[in-house]
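This report refers to the structure that appears directly beneath it.
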Number of protein chains: 2
Amino acid sequence: MGGRKGPYECGLDAAVDVIGGKWKVLLLWALAQGPRRFGQLRRELPGISEKVLAQQLRELEADGIVHREVFAQVPPKVEYALTGLGTSLNEALTPLGAWGRQHMAHLEATHGQRHPDAV
Amino acid sequence: MGGRKGPYECGLDAAVDVIGGKWKVLLLWALAQGPRRFGQLRRELPGISEKVLAQQLRELEADGIVHREVFAQVPPKVEYALTGLGTSLNEALTPLGAWGRQHMAHLEATHGQRHPDAV
DNA sequence: CCGTATCCCACAGGATACTG
DNA sequence: CAGTATCCTGTGGGATACGG
């Protein structure tokens, strides 16, 4: 991401800029369960492409939300984990998640015309 | 909006789908101060076009976040206000806003390469 | 004053193939 | 395994003009 119009106005827009990617919150959600490897995340987010996964991960890393640890060994191993900032973001996100969960049915109905085949 | 990949996973994604528009949170922020008229909102969100303002307002209305009240009179008058659901969303958003405000400087610095001319 | 109708484009993100 | 490199598309959203 990275294309708003000016300086942030109310903090909320800054936060939304961080979590605004299509898979960001799902990523945050997955990483909250514990450190994850690349392929593992790919499996946990069915439908995401490698390019996009790597990309969103790097954006979150650039924002200091996730930490990327490379293990110099073969076969290659890389682990992603939430930083302290990431953890605090997740906590700040909790009420929103609760709100969403509470009104999910309503939201799927109104604004929710996705494609037919559910996953 | 309205284009994810399947059913919602964790509530968080449902919520993000609602506030994911470019101006949505600013709109929410503005409406939290009290009911607003169309032109008033346009003035409070410098840079937004009428099309997009109307559009995002519609989406929020479809999601039951804002209420649109038309006064049958001339000159025309329409007021937008938060619904109960909208208010609860705003409240669920509070911690996130606080988080953003707290780390705004950091975020502007890292992920924040916008265009040169600030507003 | 409060919108809708068009046209247009940048860019996030999908598919696929290839590399260290 | 963990990514790049390319190519391509959908669509959110900007600009502008017109209508009730």
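The chains referred to below are lettered A, B, ... by the order of the sequence lines, with proteins before strands, and numbering in each begins at 1.
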- Toward the 5' end of DNA chain C, which comes first, A:S49 or B:R37, by nearest nucleotide? B:R37

- Item | 5' priority, DNA chain C, between B:R43 and B:R58 [closest heavy atom] | B:R43

Between [X] ([atom1]) and [N] ([atom2]), how many Å, whole number?
X     : N      : atom1 : atom2 : answer
A:L53 : D:dG3  : CG    : P     : 8 Å
A:R36 : D:dC1  : CZ    : C1'   : 17 Å
A:Q40 : D:dG3  : CD    : C1'   : 16 Å
B:R42 : C:dG3  : CZ    : C1'   : 10 Å
A:K77 : D:dC1  : NZ    : P     : 13 Å
A:Q73 : D:dG3  : CD    : P     : 13 Å
A:L57 : D:dT4  : CG    : C1'   : 15 Å
B:I48 : D:dT16 : CD1   : P     : 16 Å

Do [X] and [Y] have side chains that get closer than 4.5 Å, going by heavy atoms?
X     : Y     : answer
A:R68 : A:V78 : yes
B:F38 : B:L53 : yes
A:L28 : B:L12 : no

- Base, sugar-phosphate, or nothing: which does B:R68 touch, judged by heavy atoms less than 4.0 Å apart? sugar-phosphate

- Message: Using a 4.0 Å heavy-atom cut-off, does A:Y80 contact any base of the nucleic acid, only the sugar-phosphate backbone, or nothing at all?
- Response: sugar-phosphate

- Query: Can you find a donor-acceptor pair, distance only, under 3.5 Å between A:E59 side chain and C:dA12 base?
  - Reply: no

- Task: Establish whether the base of D:dG3 is bridged to the side chain of A:K51 by a donor-acceptor pair shorter than 3.5 Å.
- Result: no

Candidates [options] - which lies nearest the side chain of [X]:
X     : options               : result
A:P75 : C:dG14, D:dG20, D:dC1 : D:dC1
A:V52 : C:dT4, C:dG14, D:dG20 : C:dG14
B:K22 : C:dC2, C:dA17, D:dG13 : D:dG13
A:A54 : D:dG3, D:dG20, C:dG3  : D:dG3

- Item | Short side-chain N/O contact to C:dA12 OP1/OP2 from A:Q55, under 4.0 Å | no

- Query: Can any side-chain N or O of A:H106 pair as donor or acceptor with the backbone N or O of B:D63 at less than 3.5 Å?
  - Reply: yes

- With distance as the sole test, does A:D13 use its side chain to make a donor-acceptor pair with the main-chain N or O of A:G11 at under 3.5 Å? yes

- Message: Which is more 5' along DNA chain D, the nucleotide nearest B:E50 or the one nearest B:P76? Just name the residue.
- Response: B:E50

